[in-house]
Amino acid sequence: MTMKNLIGLIIDDDFASKHTPPYPKPSFISFEHPSRIEAILNHLERINILNNDRIVKVKPREISQDILELAHSKYHIEAIQKISNMGGGLLEEEVFLTEDTYDLAKKAIGGAIDAIEGVINNQFSQSFALIRPPGHHAFREKASGLCIFNNIANAILYLRKQLNFHQKIAIVDIDDHFGDGLARYFYDDPTVLYFSIHEFDFTEGDLGMVDELGIDEGIGKNINFPVPEGITNEDFYYCLDLLDPILKEFQPALIVVAAGFDMYYADPIGNCSLTSIAYNQFADRILKIAESVCEGRIAFILEGGYDVIGLPYCIEAVVKALLREKYDPPEFETNLSFLKDSKRREIDKVKTILKSLLNPYWDNI
Ligand SMILES: [Zn+2]
C-alpha cells in the first residue's frame with residue numbers, strides 16, 4: 001500500500017484541444033469534443049483540487065506501435081494513421097478523424113496504461129485517466145461509436161503481455177452504452193470479468209442483452225445488466241447492489257472502471273436521469289469493495305459523458321469520494337423533481353432473469 005493513499009490523475013492539455021469534431025451540433029458526433037476535457041480541467045483548477053497533496057498529476061506516456069498491436073490489427077492501426085495523415089475523414093457514421101486523431105488516440109492508450117500500471121505498482125492507490133477519444137466501442141479490427149482504439153482493452157493486454165501480470169481483473173462499465181468492443185476482447189477469458197450496466201433499447205434490440213454470458217472458459221464472466229431509459233439515482237444504486245456479491249466472490253486483484261457519465265440527466269446522447277451525486281455514491285461503494293478485495297486498487301478510465309456543464313461535477317464527485325472528502329452537488333441539481341420517476345419494476349424483471357442466468361456460475365448469486 002502507498003503511505004498516503006495517493007490518487008493519480010492522468011491529464012494532458014492535448015485532450016482539451018485536439019481531435020475536434022468536424023460537424024456542428026446537433027450531429028451525434030459533435031458532442032465528443034475537446035471542450036469536455038477543457039471543462040473538466042477548468043473545474044478541477046477552480047475548486048483547487050489539483051493542488052491537493054494526495055493528488056499526483058501524471059502526463060500520459062508515449063507508446064510505440066507494438067503496444068497498439070497488442071489490441072489492434074496492423075490494418076486498423078495503419079488505416080487510422082493514414083486517414084489522419086490525409087487530414088481526417090469520417091468512418092461510417094459514428095467515427096470522425098482529424099489530422100491529430102492518430103496521435104491523440106495513441107496518447108489516450110498511454111494514459112490508460114499509466115492509470116492502471118500506477119495502481120498495480122503502488123505508485124498510487126487509485127487513479128483516474130481523463131482521456132479522450134473514448135475506447136469501449138472499439139474492436140480489434142475497427143473503430144466504432146466515437147471510439148478509435150480500445151483504451152482499457154489495450155492497457156489490460158499490456159499488463160498481461162508486457163508486465164506478466166496474470167491476476168484477475170474486474171471491469172465495471174457504467175457508461176450509458178454497452179461496451180460492445182470491450183466485452184468482445186475478454187468474452188472467453190475467465191480471468192477478466194466484464195460487468196456492464198447500460199441503457200437498453202428493448203424495442204429495436206441491440207447487443208448487451210442479459211443472456212450474453214461469455215463463451216467457453218469465460219462463461220459466466222460477462223455480465224450485462226441492461227436497464228430501461230430514464231433510470232434514477234435510486235434505480236442505479238439498486239442495480240449496483242449486485243456488484244458487491246459478484247466482486248467479493250470473483251476476488252479481482254484490480255478493478256478497472258469504464259467511467260462513462262452519459263447516464264447523467266442532461267446528457268445529449270444518453271437518456272437516463274442520474275445526477276452527479278450518483279457517481280459520488282458509486283465511487284464510494286466501489287472503493288469500499290476494492291478495499292475489501294484488492295487493497296483499494298481501482299483505475300477509472302474516462303469513456304463517454306457529453307454534457308459539458310454537468311460532466312465536471314461528475315468527475316469532482318468521483319475524485320472527492322476517492323479523497324474521502326464530502327461532495328456537494330451544484331445548486332442547479334437540487335430541484336430536479338422531474339427525475340423522480342423510478343423504473344424499479346422493469347429493473348426488477350431484468351434483475352431476476354440475470355440472477356437466474358448467473359446462478360449456475362456463481363455461488364452467491
Ligand atoms: Zn456512452
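Both counts, for ligands and for their atoms, begin at 1 and track the order of listing. Values below: all heavy atoms of this structure, side chains included; hydrogens, waters and symmetry mates excluded.
The ring of His137 has its center no closer than 6.0 angstrom to the ring center of Phe178. The aromatic ring centroids of Tyr313 and Phe332 lie less than 6.0 Å from each other. Taking the six-membered ring for Trp and the full ring otherwise, the centers of Tyr23 and Phe96 sit at least 6.0 Å from each other. Proximity of the aromatic rings of His33 and Tyr306 is defined here by a centroid distance below 6.0 angstrom, and this criterion is not met.
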CA sep, side-chain torsions, deciding dist, call: Lys107, Asp14, salt bridge (charged side-chain N to carboxylate O under 4.0 Å, His left out): CA-CA 9 Å; Lys107 186 174 270 195; Asp14 282 353; 2.6 Å; yes

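Looking only at distances, no side-chain donor or acceptor of Arg36 sits under 3.5 Å from a matching main-chain atom of Ala16.
For the Zn ion (ligand 1), the tally of protein N/O/S atoms lying closer than 2.8 Å stands at 3.
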